[in-house]
Number of protein chains: 2
Amino acid sequence: MSTIMVETFQSPLGRLPVTSSDRLLLEMQRAIVEGELPAGSKISEPELARKFSVSRAPLREAMARLERCHLIERIPNAGARVVKLSIEGLQALYQIREELEGLACRLAAENMDEHEIEQLRALLDQHLQSQRVREGESYYQEAGDLDFHYRIILGSKNPYLINMLCDELYFLVRMYRVQLGMNGPRVSRAFDEHKAIINAIASRDGELADLLMRRHIAASRGNIELKLQQVGKQHD
Amino acid sequence: MSTIMVETFQSPLGRLPVTSSDRLLLEMQRAIVEGELPAGSKISEPELARKFSVSRAPLREAMARLERCHLIERIPNAGARVVKLSIEGLQALYQIREELEGLACRLAAENMDEHEIEQLRALLDQHLQSQRVREGESYYQEAGDLDFHYRIILGSKNPYLINMLCDELYFLVRMYRVQLGMNGPRVSRAFDEHKAIINAIASRDGELADLLMRRHIAASRGNIELKLQQVGKQHD
DNA sequence: GATCAATAAATTGTCGACAATTAATTTGTT
DNA sequence: AACAAATTAATTGTCGACAATTTATTGATC
């Protein structure tokens with residue numbers, strides 16, 4: 001399991017983190033996604049440089065890449081802030097996700113080889129088992145679900161698509177999911193949907209796989225939307 | 001006309017170029033798109049820094065953003081190269097474009113207000129006139145066509161979609177078009193397709209607008225593919 | 001007491017220099 | 001002469017300091 005996770009989850013860089021700016025990027029991505037750097041908070045370059053014990057040069061390079069994946073917003077000569085989560089943002093993000101992951105499914109049905117499909121099935125079996133063992137533990141579901149989506153995206157074999165989804169959009173997706181959580185009946189239903197998607201891919205039915213993935217993502221969006229509305233009401 | 005072009009084409013930054021890294025980015029984008037920095041050539045940081053009379057700091061920042069829009073490819077501790085154009089790359093790029101601009105059309109049919117649609121019609125009229133006047137002059141068609149696409153993308157009102165298409169993908173699209181050209185009967189046919197797309201948007205038929213845009217882009221891809229094959233044969 | 005202008009503090013953008021890594025050249029061996 | 005290893009050169013990554021811009025504070029005026 002752990003090797004699998006490493007395979008897919010360490011690849012935001014597409015390589016091992018060799019440079020100090022690479023490590024900074026990974027660390028800050030994690031910190032923002034998990035809310036350690038709170039949404040909406042200002043980022044002070046001197047402060048963070050001290051905190052991570054590096055100079056501002058690699059920090060700024062990491063920040064440029066954080067901006068690329070929509071985790072921070074910069075204004076020239078003014079500074080950078082961690083993004084805020086909002087219903088509008090979620091909807092705009094998931095609109096793109098539906099489209100691109102639908103495409104990824106269609107391409108995966110064409111381009112994944114039998115071995116890759118077999119591995120995808122094996123992954124789902126693992127999920128079913130670990131779900132039984134760790135009922136209600138949300139992190140594994142979180143990671144497992146994303147791992148599933150990652151593999152299909154990689155299976156599309158389209159480098160631009162892979163880059164856009166895995167390197168740019170997915171951190172924000174994770175941020176919504178980690179900070180707003182996924183729970184309740186949605187978790188087990190997601191497994192069934194995953195299964196149906198694999199079947200469509202395995203039978204090389206790209207059109208169906210596309211449709212099922214779009215519905216899967218739409219359902220997931222609905223789930224998070226509810227959470228966001230609840231949080232919104234608390235603050236009123 | 002010129003004001004219109006400025007409006008849409010200067011906005012890769014989403015703002016005026018205030019910083020020295022901003023200006024560098026614009027200049028290098030132009031140089032790469034137009035082939036002044038040849039495809040596949042290595043980029044030497046010290047050399048370019050001298051050429052543009054700046055230090056390496058803003059140059060590296062500009063390069064990070066060039067990487068983001070797929071105009072250069074970097075390898076840590078090794079260097080950066082200008083991307084090469086290829087049929088595989090074109091197909092992968094246009095696969096995404098079809099999907100995302102199709103979505104943009106659908107959203108534009110929902111979200112553009114009457115005034116924006118009216119402006120879009122006016123733009124097309126301008127194109128028809130300038131096409132008559134400057135028959136065969138490819139640059140105006142080039143810019144006009146992209147301007148048309150830009151407006152629809154902006155009309156989608158989805159910030160992530162706008163960012164991905166206008167700030168990331170479109171420079172590469174332009175690079176293919178500028179370096180491989182668009183000409184022949186395709187030019188006038190494209191105008192008709194534009195007209196049909198506007199009509200669909202104006203009648204709020206998002207589904208049709210989506211379909212027409214996908215076909216329009218697929219046709220455009222076919223045109224460039226032919227050129228690429230011709231160039232490929234020359235080098236054999 | 002509130003509003004605006006001027007000043008002071010802090011932050012961002014840029015620079016030149018050094019360290020670490022990679023590529024090129026030279027040298028020695030088979 | 002061809003290949004391999006070692007040395008040299010060049011390039012990239014990082015650092016600390018300075019300049020330019022923005023934000024915060026202070027003081028003056030109504």
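Bear in mind the structure is a predicted one, so any value in this text is a computation, not a measurement.
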Pair up each side-chain donor or acceptor in residues 153-162 of chain A with any protein partner under 3.5 Å, not counting sequence neighbours, and list the distances.
{"from": "A/Ser156", "atom 1": "OG", "to": "A/Ile153", "atom 2": "O", "distance (Å)": "2.7"}
{"from": "A/Ser156", "atom 1": "OG", "to": "A/Asn158", "atom 2": "N", "distance (Å)": "3.3"}
{"from": "A/Lys157", "atom 1": "NZ", "to": "A/Asn111", "atom 2": "O", "distance (Å)": "3.0"}
{"from": "A/Lys157", "atom 1": "NZ", "to": "A/Glu116", "atom 2": "OE1", "distance (Å)": "3.4"}
{"from": "A/Asn158", "atom 1": "OD1", "to": "A/Tyr160", "atom 2": "N", "distance (Å)": "3.0"}
{"from": "A/Asn158", "atom 1": "OD1", "to": "A/Leu161", "atom 2": "N", "distance (Å)": "3.1"}
{"from": "A/Asn158", "atom 1": "ND2", "to": "B/Ala92", "atom 2": "O", "distance (Å)": "3.0"}
{"from": "A/Asn158", "atom 1": "ND2", "to": "B/Gln95", "atom 2": "OE1", "distance (Å)": "3.0"}

Would you list the atom pairs, donor with acceptor, under 3.5 Å between side chains in residues 46-56 of chain A and any protein atom, with sequence neighbours excluded?
{"from": "A/Ser55", "atom 1": "OG", "to": "A/Ala57", "atom 2": "N", "distance (Å)": "3.0"}
{"from": "A/Arg56", "atom 1": "NE", "to": "A/Glu45", "atom 2": "OE1", "distance (Å)": "3.0"}
{"from": "A/Arg56", "atom 1": "NH2", "to": "A/Glu45", "atom 2": "OE1", "distance (Å)": "3.1"}

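No donor-acceptor pair closer than 3.5 Å links the side chain of A/Tyr94 to the backbone N or O of A/Ile217.
For residues 76-98 of chain B, the set of pairs meeting the salt bridge (Lys or Arg N to Asp or Glu O under 4.0 Å) definition, not counting sequence neighbours, comprises B/Arg97-B/Glu101.
Looking at residues 66-73 of chain A, you'll see that no heavy atom sits under 4.0 Å from any atom of DNA chain D.
Tested against B/Asp22, the residues B/Val18, B/Leu26, B/Leu24 include a single side-chain contact (heavy atoms from CB on, under 4.5 Å) partner, B/Val18.
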**Prompt:** How does protein reach along nucleotides 7-23 of chain D, written 5' to 3' as B (base within reach of a heavy atom under 4.0 Å), S (only sugar-phosphate), or - (no contact)?
**Reply:** -----BBBB-----SSS
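Separating the CE atom in B/Met213 from the NE2 atom in B/His149 is a distance of 5.0 Å, to the nearest 0.5 Å.
Residues passing the side chain to side chain donor-acceptor pair (under 3.5 Å) test with A/Glu110: none are found, sequence neighbours excluded.
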